[in-house]
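Working notes, structure below.
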Amino acid sequence: MKTRRIGKTKLEVTEISFGAAALGGLYRACPREVAMDTLQAAWDSGIRYFDVAPWYGLGLAERRVGDFLRDQADGSYVLSTKVGRLLRPVPTGSVPDYSYVDPLSFDADYDYSYDGIMRSVEFSYARLGLNRIDILYVHDIGGYTHGAVKNAVYQKQLLDSGIKALEELKSSGAIAAFGLGVNEVPVCLDVMRNADLDCILMAGRYTLLDRSAVAELLPLCQQRGTSLVVGGVFNSGILATGPVPGAHFDYMPADDEVLAKVGAMETIAKRHGVPLAAPALQFPLREPIVASVLIGTAKPSSLIRNMEIVEPRLADEIYAEFEPYTLVAPPLGAEAVRV
């Protein structure tokens with residue numbers, strides 16, 4: 001599989017990457033053997049960049065990804081995880097409902113400070129059972145997750161000392177790159193005014209349907225040499241399923257406007273003889289600043305099906321037909337599980 005460089009670093013990642021949230025039991029249980037089979041299917045498909053987080057299954061996904069990658073040759077893959085939440089043990093059966101099924105017995109506390117980030121990295125090493133993490137993303141900073149008042153506190157933590165921790169980790173060679181892992185554009189602009197980021201994992205805001213990142217974030221990334229890793233390319237599923245009853249957009253049931261727009265997009269895709277998921281998956285890769293498109297699943301069959309529509313690449317002219325049906329700034333959903 002082709003690779004692209006992360007920012008100004010020497011680190012290269014495969015154009016398609018694997019996101020491990022579902023391996024932590026997101027919305028439905030994921031038995032260990034299914035998780036391992038899914039990771040193997042990703043590896044066999046040529047994926048060599050894997051993204052995980054302490055949040056996913058409250059440590060469960062990190063354990064599973066680490067178990068799989070431990071058997072791979074050193075230097076044969078790229079791994080990212082996230083900081084910003086510290087896990088603490090809680091009694092069995094008292095884990096809050098964060099939409100993970102059968103998570104480990106932990107809860108999470110937000111901490112974006114120097115000490116919090118350093119502790120988070122050490123805890124991730126232990127859960128992964130690996131001695132190398134290539135990329136660290138600051139997870140779910142921003143008003144989307146925290147609200148304006150709390151985020152002001154957390155963003156001050158990050159800018160006052162958390163960024164220093166990330167810079168030290170990079171300069172020491174412990175990591176190769178760092179950035180943000182978020183679902184919103186404004187916090188990226190805020191942080192980039194005060195810090196240089198190698199990359200941003202942006203979920204759901206640079207897709208075939210949602211172009212919220214186009215006006216300000218893409219030009220700023222191009223100017224700074226900051227790469228985008230694009231997650232949520234199916235916008236919570238609707239660009240994969242089409243406007244079927246119960247289809248979700250932005251973690252919530254899609255409204256009539258979104259259903260109508262996606263219906264029109266599906267008609268265009270059918271006219272060109274492809275499923276709507278194909279242009280949805282390929283769209284971000286048309287932008288040179290995008291280093292990788294992240295796909296996540298807990299089913300080997302779904303992984304293989306998605307990889308089958310990565311190639312052949314669709315003609316650029318097709319995408320102009322989708323433009324009248326895009327969203328620039330959709331309303332943000334309620335508090336939900338983030339990627």
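Under 3.5 Å, the side chains of T207 and N235 contain a donor-acceptor pair of N or O atoms. Side-chain polar atoms of E15 and T3 form no donor-acceptor pair below 3.5 angstrom. Using a 3.5 Å distance cut-off with no hydrogens or angles, the side chains of D115 and S113 do not pair a donor with an acceptor.
Distance check, rounded to the nearest 0.5 Å: NZ of K8 to CG of D196 gives 6.5 Å. Distance check, rounded to the nearest 0.5 Å: OH of Y206 to CG of L218 gives 5.5 Å.
The side-chain hydrogen bond (donor to acceptor under 3.5 Å, both in side chains) test applied to R5 returns no partner, not counting sequence neighbours.
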**Prompt:** Does the pair D37 and K299 meet the rule for a salt bridge (charged side-chain N to carboxylate O under 4.0 Å, His left out), with working shown?
**Reply:** CA-CA 8 Å; D37 288 346; K299 293 181 179 180; over 6 Å; no
**Request:** Could you check R85 against D140 for salt bridge (charged side-chain N to carboxylate O under 4.0 Å, His left out), going step by step and ending with a plain yes or no?
**Result:** CA-CA 9 Å; R85 289 182 176 96; D140 288 342; 2.8 Å; yes
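Relative orientation of the F68 and F50 rings is tilted, given thresholds of 30° and 60° on the angle between their planes. Between H146 and Y112, the angle of the ring planes goes over 60°, which puts this pair in the perpendicular group of the 30/60° scheme.
Contact check on R70 versus D67 returns a salt bridge, with a Lys/Arg side-chain nitrogen under 4.0 Å from an Asp/Glu carboxylate oxygen.
At a threshold of 4.5 Å between non-hydrogen side-chain atoms, the residues L197 and L180 count as touching.
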